[in-house]
Amino acid sequence: MNHDLQIGTLRTLATIVDLGGFGRAAEALHLTQPAVSQQIRRLESFLKQPVFATTGRNMRLSPAGAELLGYARKMLRLNDEAVARFTPPRDGIRITFGISDQFSDALPEILRGLKRVDPDSQVTIRTGLSESLTEQITAGSLDLALLINPWPDPAYRIEEIGHLKMAWFGRPAVGSDAPLPLVLFTEPCTLRGRTLAAFEENGVKWKRGYEGSELIGLRAAIQAGLGVACLVANADELWGLPTAIRPTLPPPPGPVPTGLAISSRVPEEYARAALKSIREALHAYPLAVPQHS
């Protein structure tokens with residue numbers, strides 16, 4: 001017997017993870033919260049186990065839910081590329097927007113801002129590590145990408161947003177002389193490299209406590225006491241993560257450049273308005289903003 005996964009249900013799962021809650025996902029998808037919950041129950045019926053280990057402020061995917069999310073993102077990407085290729089929009093502009101997942105809490109405000117820029121626009125969101133999003137905008141499958149530590153490429157131009165302050169989070173229960181377990185993004189990841197460099201340059205012993213490609217997994221690992229991670233400096237306010245207090249910790253990496261990569265396919269008027277809207281939406285993040293902003 002064949003079991004077909006519904007794209008809409010998979011999009012709901014990804015949106016819950018990207019926006020950090022059922023209510024936010026319902027708002028972004030124009031659904032009621034009971035409808036969102038019902039779609040997750042359908043996925044649980046398919047998995048024969050829970051999708052989320054915990055919900056609410058400390059939302060965490062179950063192991064099966066995390067694995068399903070990986071497949072969901074691949075299927076959504078193929079679906080959206082096919083739709084964009086064969087069904088041009090009747091009105092307004094169609095934009096595929098990538099955002100580094102450390103900025104995911106700003107997504108509702110960013111989406112509202114983009115809707116104000118062009119009420120008839122159709123916006124598709126992809127989240128992930130900046131390195132993956134950079135590959136996608138270089139390949140032409142993204143129109144805009146909000147990136148941490150962007151690098152130049154002929155396929156797009158970069159508008160500076162600011163420099164993002166970073167800090168250490170996590171309180172693993174290990175002895176003072178034991179190597180400190182680290183919670184790391186998988187490679188390739190610039191922030192991973194900066195984290196390891198900070199430890200190596202200061203002679204602090206470390207070991208791998210957890211590795212993952214999704215921010216939700218790193219947050220869960222920190223809350224579970226698996227190690228210390230370098231994340232955006234107000235991650236305690238955003239996600240309730242414990243700040244690290246070990247005296248042997250090296251100074252965190254310096255502020256990381258952040259920018260909006262804009263494909264040449266995006267009309268200039270829309271690009272300027274979108275940039276302004278995105279800058280305004282990031283007001284809750286610890287960004288040192290360039291003077292011209």
Side-chain angles (χ1 to χ4, degrees), residues 18-20 24 28 93 95-118 121 123-138 140-167 169 185 188-195 215 218 229-239 252-293:
D18 292 342
L19 299 186
R24 287 179 170 181
I93 188 173
I95 291 293
T96 305
F97 176 49
I99 179 170
S100 173
D101 51 10
Q102 295 214 44
F103 292 118
S104 59
D105 276 56
L107 258 177
E109 193 167 346
I110 288 174
L111 288 171
R112 284 191 289 268
L114 294 178
K115 201 65 176 177
R116 288 193 299 269
V117 172
D118 182 353
S121 63
V123 180
T124 298
I125 296 294
R126 296 180 190 164
T127 65
L129 294 177
S130 289
E131 289 72 17
S132 172
L133 299 176
T134 298
E135 291 178 359
Q136 293 176 53
I137 194 168
T138 301
S141 59
L142 289 178
D143 301 303
L144 300 171
L146 180 57
L147 305 172
I148 294 175
N149 200 44
W151 60 82
D153 189 276
Y156 53 83
R157 76 175 194 269
I158 298 169
E159 293 288 348
E160 185 181 7
I161 298 290
H163 283 68
L164 186 64
K165 186 178 180 182
M166 312 303 292
F169 295 91
F185 285 109
C189 175
T190 301
L191 187 56
R192 174 193 175 102
R194 290 181 175 228
T195 297
L215 178 61
L218 266 71
C230 181
L231 295 173
V232 57
N234 63 338
D236 52 341
E237 301 170 7
L238 291 174
W239 309 310
V256 183
T258 300
L260 181 67
I262 304 172
S263 167
S264 59
R265 297 185 302 276
V266 180
E268 185 58 30
E269 183 178 357
Y270 184 94
R272 287 198 304 269
L275 176 62
K276 181 176 183 293
S277 177
I278 290 166
R279 282 174 171 158
E280 292 171 352
L282 296 176
H283 62 85
Y285 283 80
L287 281 161
V289 180
Q291 291 298 316
H292 57 75
S293 299

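Along the sequence shown, the residues carry numbers beginning at 1. In this text, all values refer to a predicted model and were calculated from it rather than measured experimentally.
Residues passing the side-chain hydrogen bond (donor to acceptor under 3.5 Å, both in side chains) test with S263, sequence neighbours excluded: R265. Taking the side-chain hydrogen bond (donor to acceptor under 3.5 Å, both in side chains) definition, one finds that E131 meets it with T190, sequence neighbours left out. Partners of E135 according to the side-chain hydrogen bond (donor to acceptor under 3.5 Å, both in side chains) rule, which considers only residues two or more places apart in sequence or in another chain, do not exist here.
No side-chain heavy atom of R194 sits less than 4.5 Å from a side-chain heavy atom of M166. Taking the side chain as every heavy atom from C-beta outward, L287 and T258 approach each other to under 4.5 Å. Between F185 and L231 the shortest side-chain heavy-atom distance falls below 4.5 Å. Contact annotation: the side chain of K276 never approaches that of R272 to less than 4.5 Å [non-hydrogen atoms, C-beta and beyond]. With a 4.5 Å cut-off on side-chain heavy atoms, N149 and P257 count as touching.
Residues A155 and I137 share a closest heavy-atom pair of CB-O, 4.2 Å. In terms of heavy atoms, V266 sits closest to D143 at CG2-O, 3.6 Å. The nearest pair of heavy atoms linking G259 to I158 is CA-CG2, 4.3 Å. Considering every non-hydrogen atom in both A281 and A106, the closest pair reads O-CB, 3.7 Å. Nearest heavy-atom pair, S121 versus K115, reported as atom, atom and distance to 0.1 Å: O-NZ, 3.1 Å. Contact record, L146 with F97: N-CE1, 3.9 Å, taken as the closest heavy-atom pair.
In this structure, CG on D101 lies 6.0 Å from CG on L129, to the nearest 0.5 angstrom. Atom CD1 of I262 and atom CZ of R157 lie 4.0 Å apart (nearest 0.5 Å). Note that the OG1 atom of T124 and the CG atom of L142 stand 10.0 Å from one another [nearest 0.5 Å]. Considering CG of L114 and OH of Y270, their distance stands at 4.5 Å, rounded to 0.5 Å. Taken from CG in L19 to CD1 in I125, the straight-line distance is 8.5 Å, to the nearest 0.5 Å. Atom CZ in R126 sits 12.0 Å away from atom CG in L144 (nearest 0.5 Å).
With hydrogens and angles ignored, the 3.5 Å screen pairs a side-chain donor or acceptor of T138 with a backbone N or O of T134. Between the side chain of S141 and the backbone N or O of Q136 there is at least one donor-acceptor pair closer than 3.5 Å. The backbone N or O of V232 lies less than 3.5 Å from no partner atom in the side chain of Y285, so there is not a single donor-acceptor pair. Between the side chain of D105 and the main chain of G20, no donor-acceptor pair closer than 3.5 Å is present.
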Run the side chain to side chain contact (heavy atoms under 4.5 Å, CB included) check on T127 and L107 step by step: do they pass? CA-CA 10 Å; T127 65; L107 258 177; 4.1 Å; yes
With side chain to side chain contact (heavy atoms under 4.5 Å, CB included) as the test, would you mind laying out the steps for L164 and I148 before giving the verdict? CA-CA 8 Å; L164 186 64; I148 294 175; 4.0 Å; yes
Working note: F103 + I110, criterion side chain to side chain contact (heavy atoms under 4.5 Å, CB included); need CA distance, chi angles, decisive distance, verdict. CA-CA 10 Å; F103 292 118; I110 288 174; 5.7 Å; no
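Atom CD of E269 is surrounded by 12 or fewer heavy atoms from other residues, nucleotides or ligands within 6.0 Å.
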